[in-house]
Amino acid sequence: MGLQNLQVLLRETPTGLPDTAHFSCVTTPLPAVGEGQVLIRNIWLSLDPYMRGQISGRHLSGRVQPGELLLGETLGIVAQSNHSAFQPGDLVRTMGGWQRYCVKRADEISVLPLDVKHAPHMLSILGMPGLTAYAGLIWQAQPQPGDTVVVAAATGTVGSVIVQLAKQLGCRVVGIAGGAEKCHYAITELGADICLDRHQPDLADALVDACPKGINIYFDLVGGPILELASKQLAIGARVILCGLISDYNRVDNTPPVGPSPVYWILARATVYGLVVYDYEQRREEFVQACLPLVNSGKLKIKEHIVYGLANAAAGFIDLLNGNSFGKVLVKIE
Ligand SMILES: NC(=O)c1ccc[n+]([C@@H]2O[C@H](COP(=O)([O-])OP(=O)(O)OC[C@H]3O[C@@H](n4cnc5c(N)ncnc54)[C@H](OP(=O)(O)O)[C@@H]3O)[C@@H](O)[C@H]2O)c1
């Protein structure tokens, strides 16, 4: 075909926050397309916090070693097919990795639902992050009208879905986000009742003031000091969804993070759920059917933070880790 692949590899395992020198962007030969396999030209790559765990060997999906391709979910177009279920030109979702081309088996590829108006939504609000928000909020926490729901990283991918769904269910939503611009967006665009800046020095007092009857649902995407603050303010019968620890992902050593005292959960008679989105893969279709009409009618939306070109993917990933991104981080592969 005369085409070459472009790939982003892990050059060196970072200690602490990565920098772009830990990654390398290289040209490689196109992989061979075997019997029953499909060649896909990746168009969109999703960047997600779990990738930091993969490169430090702390994520349940496995480890990326120096010299290896970074992993990730992609949307792409079938370029060549040796399988009757796929035709050149089909738009598909797969774990294509940080590269322009990938070769996959048919059982590793999903065709996009026809009624999706904006394909990248299948990597965000209608994809894995959206399913995470839906599973934790709807299936685990089971919000009731009037519940006070608190979520940090409120304008991130998972957080912004939680804020919008909780509001639509009649909850009072207190977001926490990094900076005035994000807080303004959480209130005016996502519908949060209040949004606190995680950098404000009086965050603890502000959270007390924002939740005068305590917190009924704390959806934890960040861990660390904010999990501690929220745990101290739980209402009786609270539900705590332990989902992510982004404040901890750049930890230098390998000792597990120290969490809040369980005494707060005992006093609140809280129910604490651990959430792993992979457990809900069989219910993905149910989630898509519930949320697709909301997305198509504009009732559920997502801000996108687009990075152009694989050569800029590492910088985009670092922005995601340190809070410099705003919205769902996607790489447009050129
Ligand atoms: N358990 C699961 O199956 C599962 C599935 C998907 C995602 N997750 C987790 O859910 C969390 C959110 O994922 P996402 O895809 O929504 O990420 P995202 O859109 O990339 O948002 C990440 C946001 O986290 C915030 N943040 C960064 N450092 C922080 C810190 N030290 N303290 C507090 N907030 C910090 C930043 O927002 P601000 O600057 O606005 O605070 C950043 O923009 C991550 O922890 C992720 O690992 C878990």
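Atoms within each ligand, like the ligands themselves, are counted from 1 in listed order. Heads up: numbering here begins at 1 and tracks the sequence.
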Test item: side-chain donor near acceptor, [X] and [Y], under 3.5 Å:
X    : Y    : result
Q164 : Q168 : no
N5   : Q99  : yes
Q54  : S61  : yes

Report yes or no: does C243 have a heavy atom closer than 4.0 Å to ligand 1?
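So C243 counts as touching ligand 1.
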For V329, state whether at least one heavy atom is located under 4.0 Å from any atom of ligand 1.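 Under 4.0 Å: no for V329.
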Contacting atoms of ligand 1, where contact means under 4.0 angstrom from a heavy atom of [X]:
X    : value
G178 : 38 (P), 39 (O), 40 (O), 41 (O)
A153 : 23 (C), 24 (O), 25 (C)
L245 : 45 (O)
L321 : 27 (C), 28 (N)
L275 : 1 (N), 2 (C), 3 (O)
S247 : 30 (C), 31 (N), 32 (N)
V276 : 3 (O)
G156 : 16 (O), 19 (O), 21 (O)

> What residues form a salt bridge (charged side-chain N to carboxylate O under 4.0 Å, His left out) with K301, not counting sequence neighbours?
Replying inline: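 In terms of salt bridge (charged side-chain N to carboxylate O under 4.0 Å, His left out), with neighbours along the sequence ignored, K301 is linked to E189.
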Are any of the N or O atoms of D48 closer than 3.5 Å to those of ligand 1?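 Between D48 and ligand 1 (N or O atoms, distance only) the closest approach is not under 3.5 Å.
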_If I apply the N/O under 3.5 Å rule, does N322 come out as touching ligand 1?_
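Among all N and O atoms of N322, none is under 3.5 Å from an N or O of ligand 1.
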Taking I109's backbone N and O only, do any of them form a donor-acceptor pair with R105's side chain (distance below 3.5 Å, no angle check)?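 Flag not set: sc R105 to bb I109 has no pair under 3.5 Å.
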Quiz prompt | Side-chain donor or acceptor of E286 paired with backbone N/O of R283 under 3.5 Å | solution =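 Such a contact is absent between E286 side chain and R283 backbone.
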Provide, to 0.1 Å, the distance between [atom] and the closest protein heavy atom, together with that atom's residue and name.
atom                    : value
atom 16 (O) of ligand 1 : V158 N, 2.8 Å
atom 20 (O) of ligand 1 : L320 CG, 3.2 Å
atom 15 (O) of ligand 1 : P49 CD, 3.6 Å
atom 11 (C) of ligand 1 : L221 O, 3.5 Å
atom 9 (C) of ligand 1  : G244 CA, 3.8 Å
atom 3 (O) of ligand 1  : V277 N, 2.7 Å
atom 36 (C) of ligand 1 : G323 CA, 3.8 Å
atom 5 (C) of ligand 1  : T132 OG1, 3.2 Å

Minimum heavy-atom separation for G146 to N216, with atom names?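 Taking every non-hydrogen atom into account, O-OD1, 4.3 Å.
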Worksheet entry | Nearest neighbour of atom 41 (O) of ligand 1 from the list R52, R198, E181, on a heavy-atom basis |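 When every heavy atom of R52, R198, E181 is considered, R198 comes closest to atom 41 (O) of ligand 1.
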message = If we check side chain to side chain contact (heavy atoms under 4.5 Å, CB included) with L45, which of these qualifies: V307, V329, T74, L123?
response =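 Checked V307, V329, T74, L123 against L45; only one passes side chain to side chain contact (heavy atoms under 4.5 Å, CB included): T74.
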Quick check on side chain to side chain contact (heavy atoms under 4.5 Å, CB included): which of P49, S124, P129 does V158 satisfy it with?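 Between V158 and the candidates, side chain to side chain contact (heavy atoms under 4.5 Å, CB included) is satisfied uniquely by P129.
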Under 4.0 Å, heavy atoms only, figure out whether ligand 1 is touched by the backbone of [X], its side chain, both or neither.
X    : value
Y249 : side chain
V222 : side chain
M128 : side chain
I176 : neither

Looking at K167 and D193, does any basic side-chain N land under 4.0 Å from a carboxylate oxygen?
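Counted as a salt bridge, because a side-chain N and a carboxylate O are separated by less than 4.0 Å.
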Review point. What class does the angle between the rings of F23 and W98 fall in, given that below 30° is parallel, 30 to 60° is tilted and above 60° is perpendicular?
Key: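 F23 vs W98 ring planes: parallel.
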Check your understanding: Parallel, tilted or perpendicular for Y280 and W139, by the 30°/60° rule?
Key ->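 Answer is parallel, since the angle falls under 30°.
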_Among residues at least two apart in sequence or on other chains, which ones pass side chain to side chain donor-acceptor pair (under 3.5 Å) with D48?_
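Checked D48 against side chain to side chain donor-acceptor pair (under 3.5 Å); matches are S46, K328.
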Identified salt bridge (Lys or Arg N to Asp or Glu O under 4.0 Å) partner of D147 from the options R239, K213, R172: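 Answer to the salt bridge (Lys or Arg N to Asp or Glu O under 4.0 Å) test with D147 among R239, K213, R172: R239.
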Y249 six-ring centre to R52 NZ/CZ under 6.0 Å and within 45° of normal: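 Cation-pi check for R52 and Y249: fails.
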